[in-house]
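Heads up, the thing below is written out as structure tokens.
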Amino acid sequence: MRFTLALATTATLVLSSVTVAPTGATARSRDPGPTATGFGGAVSTVDATATAVGLDVLRRGGNAVDAAIAAAATLGVTEPFSAGIGGGGFFVHYDGKTGKVSTIDGRESGPATMTEGTFIDPADGLPYDFAEARVSGLSVGTPGTLATWEAAAQQWGTRPLGSLLRPAADVADRGFPVDATFRQQVADNAAAFGQFDSTRELFLPGGAPPAVGSTLRNPDLADTYRLIAKRGTGMFYRGPIAADIVETVQHPPVADDPTGTWAYPIRPGDLQLSDLAGYRVRHPEPTRSAYRGLTVYGMSTPSSGGTAVGEALNILEKTDLSKATPIEALHRYVESTALSFADRNRYVGAYTPQPVLDQLISDEWASRRACHIDPARAMTKPVPPGDLTATGCTPATVGGPVEQGQSTTNLTVADRWGNVVEYTLTIEQTGGNAMVVPGRGFLLNNELTDFNFTATQGSAPDPNLPGPNKRPRSSMSPTIVLKNGKPFLAVGTPGGATIITTVLQILVNRIDLGMTLPEAMAAPRASQRNTAGIQSEPAFHERYGPGLEALGHTFAPDVAELGAATAIEFARHGGMIASAEPARRGGGTAAVVHPRY
Ligand code: GLU
């Protein structure tokens, strides 16, 4: 059966399951794979087990929020190096009944005792090396993931949180097959994991990364989920699990006979029971920007995702990309993100006043930034941030560098009632801070390393320095795009600061460059975050490098892959195209309740 997709651009295409298979991607129609088309609800995650759990919840009459929580809890088991109850994230929800987009900020927060100097070594007054700060108690923020699930379940779900944790607990008990990505993630972290008894017992069985094809069980995590299911999240924030988290942070469970060498002392942190007891999710208004007749909703502070994506879209909107050659369009794309990152770095942090955020994603600001783009010549990077108080084509103000990361996971869920969830969750680095809470089966985050360790903005204030109870700036960009008030597209991805550029690139590919959603997902990626060279995947560099270099762009060394996105596009008459990565991070899995091939 075919169904018609009304595209949000000027063009209208007719797609079927045959034509949605992306170029260069495996066209798997019936097996679980990266693309699924049909009706009645959809799930897309990076992992087949998590997608199956989410789909099962939908099939049994649960809604998108129920399915998203159950899938996320499962990702905590099968993708433990990217996400879990030791971390945080941002949940964006479209309510099919009211048409309202709302968010949950479940970002980790720093301890009450955190200061601007937390990441400065008192011995020499210099900032810690990133790895030293990461694998320490200093980097652990109060986890917000469980509180996010509870808030979402209470506000929009139809099932008790406990029942949504049980399928994940069963997966943890039964075990799941180790794949090449999982094994590699352990291998990459072997030295850090080998320092801690609790971590190496779980992830380095027999002292080595688990073999591909072996079954990994996590009975401690199963028990943790079941304890929370039975007795509530108080077990985590005020009860015995809180005590174990605090103990781990204050007295890292360093092995007497570590496996492998670690170059740094493992420092304790100062997270207290009162920090966990006092943790609350926030409900910031989503960011909102108009783009070529669509309305793009994103995540506001402490994430910079919504404003950075919104500002870049507004800059791009000043040009009709549908008439541009690929090189012209990509030139605009990388120039817009360089400008947007300059402003993000200078102005966006946990406490940025709302009027500043509003200004950054206003059309007027975009005009004052877009005027710097020369269609024939790349700007010299880094570009300075704009001056919010000036008029005309913004003069420069002082600015600073950028950061990056490669972890995290994302999921997209929709149900038959029109509800949509876009959810990005993380423990920061792949492997978090490398400490499994003994007896509890989950890794702690190192999210506080998302703060700038020292001021980066010259004589101007840095919006992202650490502070008491402060949440570090994020790049996570769960995004829901509406057309005429109804969902058109939901998308998100991991990838540290490249999250912003990957979400933007998928949107531009889909909305402006005539690609289907699976094509937009599969297309080679590049990320310009206001550094000298564009970071890109080899296929992008090969295809577009010469054209962009002719305009004066330069390239940083290639990276194997950028992001691991998930998305759902909404067609007429309730049709859905669920899309995951065909290849990146081992490929993701999309599924729909009632497939149509
Ligand atoms: N901690 C990062 C952020 O919040 C995400 C980490 C990653 O995706 O690598 O922006």
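Whatever order the structure lists ligands and atoms in, that order sets their numbers, starting from 1. We number each residue from 1, following the sequence as shown. Quick caveat: nothing in here was measured; it's all calculated off a predicted structure.
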Inset, instruction - Specify side chain, backbone, both or neither for Glu447, according to which of its non-hydrogen atoms lie closer than 4.0 Å to ligand 1. - result: side chain
Legend entry - For Asp450, the ligand 1 atoms whose distance to one of its heavy atoms is below 4.0 Å: 1 (N), 2 (C), 3 (C), 4 (O), 10 (O)
Legend entry - Backbone or side-chain N or O of Pro494 under 3.5 Å from ligand 1 N or O: no
Inset, instruction - Examine Tyr279 together with Phe236 and report whether their ring centres are nearer than 6.0 Å. - result: no
Inset, instruction - Measure Ile499 to ligand 1 on non-hydrogen atoms and call it side chain, backbone, both or neither using the 4.0 Å cut-off. - result: side chain
Legend entry - Gap separating the CZ atom of Phe196 from the OG1 atom of Thr248, nearest 0.5 angstrom: 10.0 Å
Inset, instruction - Mark yes or no for whether Glu311, through its side chain, and Asn314, through its backbone, hold a donor-acceptor pair below 3.5 Å. - result: no
Inset, instruction - Answer yes if the ring centres of Tyr128 and Phe119 are under 6.0 angstrom apart, and no otherwise. - result: no
Inset, instruction - Could you list which atoms of ligand 1 come closer than 4.0 Å to a heavy atom of Met476? - result: 4 (O), 10 (O)
Legend entry - Location of contacts on Arg107 toward ligand 1, heavy atoms closer than 4.0 Å: side chain
Inset, instruction - Determine whether Asn433 and Asn445 make a side-chain contact, defined as any pair of heavy atoms from C-beta on separated by less than 4.5 Å. - result: no
Inset, instruction - Report, in ascending order of atom number, the atoms of ligand 1 lying under 4.0 Å from any heavy atom of Ser475. - result: 3 (C), 4 (O), 10 (O)
Inset, instruction - Please find out if less than 6.0 Å separates the ring center of Tyr297 from that of Tyr94. - result: no
